[in-house]
Protein chains: 2
Amino acid sequence: MAPAAEDAETKRQRRRTSTAIKESLRELSVQLSLFNHQLSSHVDLRDSDLDCLDVIQRHGPLSPTALVRRTGLHAATMTGILDRLEKGGWIARDRDSVDRRAVVLRALRERNPEMFRLYSGMNTSMDKLLTGYTVDELETIADFVRRTTEAGKSATDDLTAG
Amino acid sequence: MAPAAEDAETKRQRRRTSTAIKESLRELSVQLSLFNHQLSSHVDLRDSDLDCLDVIQRHGPLSPTALVRRTGLHAATMTGILDRLEKGGWIARDRDSVDRRAVVLRALRERNPEMFRLYSGMNTSMDKLLTGYTVDELETIADFVRRTTEAGKSATDDLTAG
DNA sequence: ACCGACCATATGAAGTTCGTATGATACCTT
DNA sequence: AAGGTATCATACGAACTTCATATGGTCGGT
């Protein structure tokens with residue numbers, strides 16, 4: 001925890017490091033986006049398709065409308081994304097048993113090994129990188145990443161609305 | 001620093017936390033990509049355009065070819081991206097004074113305030129979030145973000161080549 | 001049983017992507 | 001110094017993607 005009061009030098013350092021983190025985070029974002037782009041082209045999908053696939057895997061099963069709300073993408077665009085994901089065998093579209101207008105998106109597992117292989121370089125690098133930290137540091141990092149994701153979600157929602 | 005030897009319980013915890021970090025990182029990546037998408041549409045650009053703009057701002061001035069190499073995007077696609085960035089007043093294309101085939105890309109500052117405003121929500125959230133950490137924790141985080149970016153760069157290059 | 005709301009997708013215009021072609025310039029080899 | 005090859009940025013065009021709007025089916029309240 002940060003102490004109740006900090007001396008001037010500490011405050012200066014805090015400000016400098018915070019700025020560095022925010023700048024690096026933007027650079028990380030760019031780099032991950034380029035990584036994602038390479039990933040996409042290797043499996044014959046567009047960049048956002050993988051984003052949607054990830055949401056379906058993580059938070060599914062869910063409906064196209066729910067996915068539209070969560071991602072902020074256009075509904076008609078989503079139909080195209082889901083067409084590609086379905087054609088590629090990444091997801092299934094099931095009819096909702098209750099609401100017959102609705103569709104339920106379910107992630108399939110068939111192509112996971114293929115995906116895992118594309119991730120293996122990044123995965124190995126991360127494992128190596130993480131061994132350099134204490135368990136306490138790892139928990140700090142885990143917490144930071146989770147909370148930054150939350151911040152990203154709010155910021156995205158604000159832009160989607162505004 | 002991690003101690004030379006860890007007991008079994010600590011090892012278990014380390015493994016669990018590392019996995020959590022990697023999973024959260026993927027989620028962060030998705031969230032940042034969706035944020036980036038909203039950002040892009042607000043300034044009438046495509047997602048990758050902002051990635052390229054960021055690289056030009058951070059590592060420029062540089063040539064289209066250098067940018068193609070750094071990002072792994074297709075050269076013909078890059079022409080389109082640069083057309084949009086130039087038309088929008090984000091960058092200038094200067095002729096290289098030495099190599100007359102070449103072009104040098106230079107970031108302009110005119111629209112930075114506009115961009116800054118779109119970032120302000122995320123920026124404020126991050127500032128709030130970061131006050132919850134000690135200076136030592138902040139440095140751990142800064143280091144982690146930098147090294148993860150490096151890992152991402154290598155992993156991207158591997159996919160681009162392979 | 002109606003009616004307004006909602007769900008997913010169809011439609012088509014405008015724009016994007018990417019393999020390949022082009023024209024200009026640089027540089028190496030002899 | 002001239003020829004040939006490589007490299008630079010962009011043009012071209014076919015295939016595809018995106019998105020505003022339209023459509024047809026289904027739901028739920030009254």
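Order of the sequence lines sets the chain letters (A, B, ...), proteins ahead of strands, with each chain counted from 1.
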| Interface with DNA chain D, restricted to residues 40-58 of chain A and to heavy atoms under 4.0 Å |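 Hits under 4.0 Å, by residue number: A:Arg46.
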Contacts of [X] that satisfy salt bridge (charged side-chain N to carboxylate O under 4.0 Å, His left out) - sequence neighbours left out:
{"X": "B:Arg26", "answer": "A:Asp54"}
{"X": "A:Arg147", "answer": "A:Asp143"}
{"X": "B:Arg101", "answer": "B:Asp99"}
{"X": "A:Asp158", "answer": "none"}

| request: Would you tell me if any nitrogen or oxygen in the side chain of A:Arg69 comes within less than 4.0 Å of OP1 or OP2 on C:dC6? | output: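 It does not, given that no N or O in the side chain of A:Arg69 lies less than 4.0 Å from OP1 or OP2 of C:dC6.
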| message | Test of understanding: with side chain to side chain contact (heavy atoms under 4.5 Å, CB included), list the residues that count as partners of A:Val103, not counting sequence neighbours. | response |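 If we apply the side chain to side chain contact (heavy atoms under 4.5 Å, CB included) test to A:Val103, skipping adjacent residues, the hits are A:Pro64, A:Arg93, A:Arg95, A:Leu105.
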| message | Does anything in residues 74-104 of chain A come within less than 4.0 Å of DNA chain C? Heavy atoms only, and list the residues if so. | response |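 Output list: A:Ala75, A:Ala76, A:Thr79, A:Arg93, A:Arg101, A:Ala102, A:Val103.
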| request: Could you check how far CG of A:Leu105 sits from P of C:dT9, rounded to whole Å? | output: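 In whole Å, C:dT9 P and A:Leu105 CG are 8 Å from each other.
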| request: Output every pair passing ring-ring contact (aromatic ring centres under 6.0 Å, His included) with a member in residues 80-122 of chain A, not counting sequence neighbours, ordered by first then second residue. | output: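 Passing the test, one end in residues 80-122 of chain A: A:Phe35-A:Tyr119.
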| task | Sort and list the pairs that fulfil side-chain hydrogen bond (donor to acceptor under 3.5 Å, both in side chains) and have at least one residue in residues 105-114 of chain B, not counting sequence neighbours. | result |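 Those involving residues 105-114 of chain B are B:Asp94-B:Arg106, B:Arg111-B:Glu114.
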| query | Just wondering, do B:Glu150 and A:Gln31 contact through their side chains at under 4.5 Å, heavy atoms? | reply |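 Heavy-atom side-chain distance check fails, nothing below 4.5 Å.
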